[in-house]
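Okay, structure first, notes after.
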Amino acid sequence: MLDRYNLKMPHAVYGGVNAMDNITEIVRALGSKKVAMFTDPGIEKTGLFALPEAAVKASGAEYYVLDDLRPEPDYMSVQRLIDDFKQRGADLIVACGGGSVMDAAKLASVLVTDEYGVKELLDNPGMARKCVPIVLIPTTAGTGAEVTPNAIVAVPEKELKVGIVNENMIADYVILDARMIKNLPRPIAAATGVDALAHCIECYTSNKANPLSDTFALRGLDLILNNIEKACDDPDAMDAKNAMQIAAFYGGLAITASGTTGVHALSYPLGGKYHIAHGVSNAILLVPVMKYNEPVCRARFADCYDQCAHDGSNLTTVEEKSAWIIRRLDEIVKHLDIPTSLKPYGVPEADLDGLVEAGMQVKRLLVNNMREITPEAAREIYKSVL
Ligand SMILES: NC(=O)c1ccc[n+]([C@@H]2O[C@H](COP(=O)([O-])OP(=O)(O)OC[C@H]3O[C@@H](n4cnc5c(N)ncnc54)[C@H](O)[C@@H]3O)[C@@H](O)[C@H]2O)c1
Ligand SMILES: [Zn+2]
């Protein structure tokens, strides 16, 4: 537990029915003349981009669209997008997409400078300064990137995903419009939903946990444990989908006040080396890492049971409650048909040493894990999912 903590947040968050309409007023109130809109081809194909586009258009401001971005991009492709953005200029960024689009846009918002780029921020994230205000519209109920100070990029030469953290990247405005996640394809809803689940439970069991992060982590966990399957399985379950959108946002707030731990740390090489989607790599590691952590996180898992279990089970011992939480995590990953091992990705045993070496580099998150993850422990965890 931290004894000093803070929570930095966006200036304003708009949720509820037709939340997107607020963008028109935001653009006008800021007196913006030229808007850069970030998205990706996947979002455009669904027709979803038409909603923020119409809201920006209604403001009367000039705008253009930057969409040349693949999921989970490396830092070089993000830099290319930012170079394009710098050349065309803008006094406001509106980004509509999942974590990949939002992270690229967040980096653009602090990189209207020729002095440094994404590569330099990887080594020295502290030098970023906000250059352009930013509006974020998440289209997955997952990363919480709409509210965190983090941007994650792949670094091919290290075979890792790396997080750049700077509070200047916290969004100015967030739009939580349920229409954006209504038709999320099940595999994307499942993987991104488990990412949000990992954010909540990792932050609640983090060395950096504190009263602010605990509030959002526990409430987010409660919403996810009781809605994720319905939100993914039933296309019409708008209440469950709304719950997931709010929970993902809470997960992002929990990250901002605290920090994720061993699951995210060990998952970064899986994304960097094998290009496994962020939510999927977290899902694969979620149960093994939580089982490893259980002896030291037992009381915290029992709290999670007390706050979030509504199945009438009335368990009494800390051990039983903690086991219930781990069983429930396992049940969710299996129900959602997310891989529980690296088998589908053909990762050979010969890669174990490299994985351990890469995972141990993610010190920023490993230090948050309540039970120390030694190289030997990391090796056992990776080996258990081969
Ligand atoms: N900044 C943070 O705090 C933070 C936290 C966690 C993860 N991340 C990063 O975010 C990235 C992952 O983001 P993500 O999980 O949101 O996925 P994503 O942004 O990579 O999108 C995955 C795919 O889903 C599609 N998609 C998105 N929304 C859709 C919708 N509503 N309907 C149909 N298709 C849709 C996209 O077009 C894309 O093809 C990773 O790079 C991860 O490391 C960032
Ligand atoms: Zn995550």
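Ligands are counted one by one from 1 in listed order, and the atoms in each one are counted from 1 as well.
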| request: Please report which non-hydrogen protein atom sits nearest to atom 38 (C) of ligand 1, along with the residue it belongs to and the distance in Å to one decimal place. | output: Pro71 CG, 3.8 Å
| task | Indicate, as side chain, backbone, both or neither, the part of Thr148 found under 4.0 angstrom from ligand 1 when only non-hydrogen atoms are considered. | result | side chain
| Would one find more than 12 heavy atoms of other residues, nucleotides or ligands at under 6.0 Å from atom NZ of Lys158? | no
| query | Where does Asp40 meet ligand 1, judged by heavy-atom distances below 4.0 Å: at the side chain, the backbone, both, or neither? | reply | side chain
| What protein heavy atom is closest to atom 5 (C) of ligand 1, reported as residue, atom name and distance in Å? | Thr143 O, 3.4 Å
| request: Answer with side chain, backbone, both or neither: which part of Met180 has a heavy atom less than 4.0 angstrom from an atom of ligand 1? | output: backbone
| query | What N/O/S atom of His278 is the closest to the Zn ion (ligand 2)? | reply | NE2
| field | Under-4.0 Å heavy-atom contact with ligand 1, by part of Asn150 that carries it | value | both
| Is ligand 1 under 4.0 Å from a heavy atom in the side chain of Ile188, in the backbone, in both, or in neither? | side chain
| message | For Gln361, I'd like to know if atom CD has over 12 heavy atoms of other residues, nucleotides or ligands within 6.0 Å. | response | yes
| message | Tell me whether Tyr116 contacts the main-chain N or O of Met127 through its side chain, where contact means a donor paired with an acceptor under 3.5 Å. | response | yes
| said: I'd like to check Ile255 versus Cys203 (side-chain heavy atoms, cut-off strictly below 4.5 Å). Are they in contact? | reply: yes
| said: Does only the side chain of Val153 get under 4.0 Å from ligand 1, or the backbone, or both, or neither? Count heavy atoms. | reply: neither
| task | Please calculate the NE2(His264)-the Zn ion (ligand 2)-NE2(His199) angle and round it to 10 degrees. | result | 100°
| Which heavy atom of the protein is the closest neighbour of atom 17 (O) of ligand 1, given with residue, atom name and distance? | Gly99 N, 4.2 Å
| Part of Asp195 with heavy atoms under 4.0 Å of ligand 1, whether side chain, backbone, both or neither | side chain
| task | State the atom name: nearest N, O or S atom of Asp195 to the Zn ion (ligand 2). | result | OD1
| said: Can you tell me which portion of Ala191 lies within the under-4.0 Å heavy-atom range of ligand 1? Options are side chain, backbone, both, or neither. | reply: neither
